[in-house]
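Here's the structure, in structure tokens; my notes come after.
Just so we're clear, the structure is a prediction, and the values are computed from it rather than from any experiment. Throughout, a chain's letter reflects where its sequence line sits, starting with A, and its residues are numbered from 1.
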Number of protein chains: 2
Amino acid sequence: MAVETKDFYVQQDKMYVATDCIIFGFDAGKLKLLIFKRRVEPLMGEWSLIGSFVKIDEDVDEAAKRILTEITGLENVFMEELKTYGATNRDPGARCISIGQYALIRIEDYDKELVEKHGAIWYDLDEIPNLVLDHNQMVQDALGRLRRKARYQPIGFELLPEKFTIPQLQQLYEAIYQNELDARNFRKKVLSYNVLIKLDEKDKSSSRRGAFLYKFDDINYQKLRKSGYNFEIS
Amino acid sequence: MAVETKDFYVQQDKMYVATDCIIFGFDAGKLKLLIFKRRVEPLMGEWSLIGSFVKIDEDVDEAAKRILTEITGLENVFMEELKTYGATNRDPGARCISIGQYALIRIEDYDKELVEKHGAIWYDLDEIPNLVLDHNQMVQDALGRLRRKARYQPIGFELLPEKFTIPQLQQLYEAIYQNELDARNFRKKVLSYNVLIKLDEKDKSSSRRGAFLYKFDDINYQKLRKSGYNFEIS
DNA sequence: AAAATTAATGTATAAATTACATTTATTACC
DNA sequence: GGTAATAAATGTAATTTATACATTAATTTT
């Protein structure tokens, strides 16, 4: 049996498997989400996360990577499964479960032409419009996950340029947690883990004095983890 | 196209969606896992988690609940999605993704006849045999999740009888974390959250003196959460 | 009544977190 | 060239939280 939904046919007795990407970025002190206006039916013109069906010969996480690369040109991006959205009624057109996966990208790195070509746009997280299906729920869930995870794992660095200043790092955490942090205590805390490498360069884009740039030290972070400690910022 | 695998046919071009349950219990100071010996082909006689295909008219989480009830007779059990197992090659018979879901049950409550009828058995976690497909990985992942989650959410109580003693609670945490805890500090800590109701009864099964029984106080726990605190045991 | 056994309790020390104000480096402007 | 403006960088004392550790209490069994 098949049923027409606008311009394509789906089998009503078939279970479809899709994946949707919740793509976060960080720019100008704000968390951003990459969404796009659907250019095909059904729901053409509506805002949506970026997703796709999982191909029969493709791992689920490969599917998400494929989508992310198609839209942003980026590879080797931090991406993690969020959860499955598996309600029977979540998609009115067909029985389709979707595996939500969230990604953290360095917003300066993505391919702007490619993104534009797909009709994708960065939105401030607090200005996300209505999205199709259960996509707003996915965004909320992903944000919750990001908030919890950022407390005990240094995933925030995935959202910053390779070189960043401590004030920028603090801004990021303030954006994630939605509250202000004390600059002295914050600096003391992050430096205490010994996972930041101080560079000789300064970033002068936001002050006359300039702030020293740092890099994340993955080797020392692995040592820290092995010794049973976590990178914890609260 | 269809391919025969022992006694049933699967379509090679069809994506199957299953769910598997990682069912934890706690008994005699040890964490246990409920597994069963498959009674049908393929892989008859092999140890396996308990799972099933997700029906076309069934939510994914409903499918897991259905399975759990079929095997244990239990309803209203703590159950949470773990992750999706979606590698193309995870199931040699067909393209089948599985959504792992872990459950915490009170081991005294389950229906023993029903469990036996299904050939299911409780195994000590450190004695789990080889399981079919990627099921051992699922168990490891679920255990990791349980360990992380138990640190900041009071899910441990799902594994204890409704009435429990503080030494029992401590034993549970020791089993989860695999290390010993100081009885004075542990008691001080859990009582500090004010989410345990002390009863007038004692449990004398493990000492002459007997230990007071407590109940978890969900109302106070909700208040605690609203005030921004967590139940944290480390 | 004595022995055996686990439950229950308190305190002092160390470690971590919090609150808080001044100086420094640099550029822009007069 | 000096002054104003601006964000970066720094230290300490007070409070809270975590840790280490030994004795007494309640009850049953013999």
Pick base, sugar-phosphate or nothing for B:Thr165, based on heavy-atom distances below 4.0 Å to the nucleic acid. nothing
Do the side chains of B:Leu143 and B:Leu31 get nearer than 4.5 Å, heavy atoms only? yes
Which distance, rounded to the nearest 0.5 Å, do you find between the CG of A:Leu160 and the CZ of A:Phe216? 11.0 Å
For A:Arg184 and C:dA21, what is the distance between atoms CZ and P respectively, to the nearest whole Å? 8 Å
B:Tyr193 and B:Tyr229: ring pair (Phe, Tyr, Trp, His ring centres under 6.0 Å), yes or no, with the steps? CA-CA 9 Å; B:Tyr193 293 113; B:Tyr229 284 89; 8.3 Å; no
Report yes or no: does A:Asp203 contribute a side-chain atom to a donor-acceptor pair with the main-chain N or O of A:Ser205 at less than 3.5 Å? yes
Would the distance check show the side chain of B:Arg90 and the main-chain N or O of B:Asp134 forming a donor-acceptor pair, the cut-off being under 3.5 Å? no
Flag if over 12 foreign heavy atoms under 6.0 Å of NZ, B:Lys189: yes
Length of the CG-P vector between B:Asp203 and C:dT6, whole Å: 13 Å
What is the per-nucleotide protein-contact pattern of nucleotides 22-30 of chain C, from the 5' end, where B denotes a base atom under 4.0 Å from a protein heavy atom, S denotes such proximity for sugar-phosphate atoms only, and - denotes neither? --BBBBS--
Kindly assign one of parallel, tilted or perpendicular to the pair B:Phe186 and B:Tyr173, based on the angle between their ring planes and the thresholds 30° and 60°. tilted
Chain B reaches DNA chain D, atoms under 4.0 Å from its heavy atoms, from D:dA18 to D:dT29
Heavy-atom nearest nucleotide on DNA chain D for A:Ser206 versus A:Lys198: which residue maps closer to 5'? A:Ser206
Tell me the interatomic distance from A:Glu232, atom CD, to C:dT18, atom P, rounded to whole angstroms. 12 Å
To the nearest angstrom, the CG-P distance between B:Leu191 and C:dA7 comes to 14 Å
Nearest to the side chain of B:Arg187 - C:dG10, C:dT6, C:dA8? C:dA8
How long is the line joining CG of B:Asp182 and C1' of C:dA8, in whole Å? 12 Å
Would you kindly give the CD-to-P distance between A:Glu180 and C:dA19, to the nearest whole Å? 13 Å
In whole angstrom, what separates A:Lys189's NZ from C:dA15's C1'? 12 Å
When the distance from OH of A:Tyr193 to C1' of C:dA16 is rounded to whole Å, what number comes out? 10 Å
So does A:Leu74 get a backbone contact from the side chain of A:Thr69, meaning a donor-acceptor N/O pair under 3.5 Å? yes
If we count only N and O atoms by modelled type, under 3.5 Å, do the side chains of A:Asp20 and A:Ser98 hold a donor and an acceptor together? yes
